[in-house]
Amino acid sequence: MKSYSNKKLFFLLTLAVLAGCSRQEEKVAEYDWPPPVEGLSWGMSEEEASDVLDWEDGEVIWQEYEDADVFGTGQTRKKRWAEAQTPVVFLEETFTIALGFDEDIGLSYISMMPDDTSEENLVQIQRKLQETYENAWGTCFQELEEEQKEQLNGYLLEKGMTQQQVDALLKNLTDDEEDRIRERPLVSYSVELSSDSFSYGAVIFKGEGAAMLERSECD
């Protein structure tokens, strides 16, 4: 497992209570990386995120669509996007944010569009990301503590995954390079640099794995 001792911002020391969790039983999970917006936690419901960000009617544009099931069961699930009009500051840059919510696992996707999308500034944003985060992938499923793996095992089976799928996701990896290809992060980030993309310049955080972990700890 990675050593977490030298990372800057990388523990979720205290998480907001997620949907389905008892208010008297707050959970503490350790993994890299928490959401880049203060107060948010992966797996939060729409209502919880709205409360944290103090969103008012008219400040957010909501969109709804159908997408592939995050559990790989072949079904589709409802997902909702919230695009906020109020800017946030991250890495000393001003961004407009959009939050993605899955009907099963809550907050699992964050897109942050910088005000300045010039090539020069995007280079600076990438540099700041590299200085803040050790790498673009956070903790992988296979690196979790055994207790967390047991919680996820039961949760994922309840959501329709087969035991074979779960075993492939949580099985400890060897040092073999081909085996390491199976790594799947709880959270990752990327910068959209395709000039043909409508989201050119966006910093995108994907936290589906972290949201699953948080939801599993609520059961």
Side-chain angles (χ1 to χ4, degrees), residues 2-16 29-44 46 48-50 52-55 59-63 65 67 70 79-102 105-141 143 183-211 213-214:
K2 295 179 186 174
S3 171
Y4 300 112
S5 60
N6 61 344
K7 298 183 179 180
K8 299 177 182 177
L9 301 175
F10 314 137
F11 288 155
L12 285 177
L13 297 178
T14 305
L15 294 175
E30 292 184 358
Y31 56 79
D32 305 334
W33 319 109
V37 180
E38 184 177 1
L40 295 182
S41 298
W42 297 115
M44 269 186 165
E46 295 176 9
E48 289 171 323
S50 296
V52 167
L53 298 175
D54 197 24
W55 282 345
E59 293 182 340
V60 182
I61 299 173
W62 287 94
Q63 296 181 344
Y65 64 102
D67 199 5
V70 295
K79 296 191 178 182
R80 300 228 314 156
W81 273 98
E83 182 178 344
Q85 305 302 299
T86 304
V88 300
V89 176
F90 173 61
L91 302 179
E92 301 179 332
E93 301 277 346
T94 303
F95 291 83
T96 300
I97 65 169
L99 306 182
F101 298 87
D102 181 276
I105 61 174
L107 177 62
S108 54
Y109 195 99
I110 299 176
S111 177
M112 309 181 71
M113 180 65 71
D115 284 355
D116 183 356
T117 58
S118 66
E119 182 176 349
E120 179 181 0
N121 195 53
L122 293 182
V123 170
Q124 292 300 314
I125 289 174
Q126 291 184 84
R127 178 185 60 78
K128 291 176 181 178
L129 285 165
Q130 292 168 357
E131 290 176 350
T132 303
Y133 299 93
E134 185 171 297
N135 54 59
W137 279 21
T139 306
C140 291
F141 278 94
E143 297 173 324
E183 286 185 324
R184 181 178 168 188
L186 299 180
V187 183
S188 64
Y189 76 81
S190 62
V191 182
E192 178 55 76
L193 296 176
S194 172
S195 58
D196 296 330
S197 174
F198 72 93
S199 58
Y200 172 74
V203 180
I204 299 170
F205 283 81
K206 296 181 180 180
E208 291 179 344
L213 176 62
E214 297 296 352

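Excluded from the calculations below are hydrogen atoms, water molecules and symmetry mates; all remaining heavy atoms, backbone and side chain alike, are included. Note that the numbering runs from 1 along the sequence shown for the chain.
- Two rings, from W33 and Y189, have their centers 6.0 Å or more apart.
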- Message: Please determine whether side chain to side chain contact (heavy atoms under 4.5 Å, CB included) holds for the pair V88 and M112, giving the CA-CA distance in whole Å, both sets of side-chain angles, and the decisive distance to 0.1 Å.
- Response: CA-CA 9 Å; V88 300; M112 309 181 71; 4.0 Å; yes
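- Remark: K128 NZ to E92 CD distance equals 5.0 Å, nearest 0.5 Å.
- By the neighbour-count criterion of 12 heavy atoms within 6.0 Å, atom CD of Q63 is sparsely surrounded, having that number or fewer from other residues, nucleotides or ligands.
- Residues Q126 and L193 have side chains in contact (heavy-atom distance under 4.5 Å, counting atoms from C-beta outward).
- At distances below 3.5 Å, not a single donor-acceptor pair connects side-chain atoms of S41 with backbone N or O atoms of M44.
- Of all the heavy atoms in E192 and S197, the pair that sits closest is CG-OG, 3.5 Å.
- Counting heavy atoms from C-beta on, the side chains of L53 and I97 come closer than 4.5 Å.
- In this structure, D115 CG and M113 CE are separated by 10.0 Å, a value rounded to the nearest 0.5 Å.
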- Can you list the steps and then say if L99 with Y109 is a side chain to side chain contact (heavy atoms under 4.5 Å, CB included)? CA-CA 6 Å; L99 306 182; Y109 195 99; over 6 Å; no
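- To the nearest 0.5 Å, atoms CZ (F205) and CG (L107) are separated by 12.0 Å.
- Between F101 and A49, the shortest heavy-atom distance links the atoms CZ-CB, 3.7 Å.
- Within a 6.0 Å sphere centred on OH of Y65, other residues, nucleotides and ligands contribute more than 12 heavy atoms.
- Scanning all heavy atoms of the two residues, the minimum distance from S108 to W42 falls at C-CZ3, 3.6 Å.
- With contacts defined as side-chain heavy-atom distances shorter than 4.5 Å, the pair I125/F95 qualifies.
- A 4.5 Å side-chain heavy-atom check between P36 and I110 finds at least one atom pair inside the cut-off.
- A donor-acceptor pair is defined here as one N or O able to donate and one able to accept, closer than 3.5 Å; no such pair exists between the side chain of E183 and the backbone of P185.
- Shortest non-hydrogen contact noted between G201 and V191 is O-CG1, 4.3 Å.
- The minimum heavy-atom distance linking P87 with T94 is given by the pair CB-CG2, 3.6 Å.
- Side-chain contact, D116 with Q124: no donor N or O sits under 3.5 Å from an acceptor N or O.
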- Message: With side chain to side chain contact (heavy atoms under 4.5 Å, CB included) as the criterion, how do R184 and E208 come out once you've worked through the C-alpha distance, each side chain's angles and the decisive distance to 0.1 Å?
- Response: CA-CA 10 Å; R184 181 178 168 188; E208 291 179 344; 4.1 Å; yes
- In sequence, state the C-alpha distance, the side-chain angles, and the governing distance for E214 and Y31, and then conclude on side chain to side chain contact (heavy atoms under 4.5 Å, CB included). CA-CA 11 Å; E214 297 296 352; Y31 56 79; 2.7 Å; yes
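- Side-chain atoms of K79 never come within 3.5 Å of backbone atoms of D67 as a donor-acceptor pair (strictly under, hydrogens ignored).
- The heavy-atom pair separating T117 from P114 by the smallest distance is CG2-O, 3.4 Å.
- Here the options are V187, D32, L213, the test is side chain to side chain contact (heavy atoms under 4.5 Å, CB included), and the partner is T139; only D32 passes.
- Applying the 6.0 Å contact sphere to NZ of K206 captures no more than 12 heavy atoms from other residues, nucleotides or ligands.
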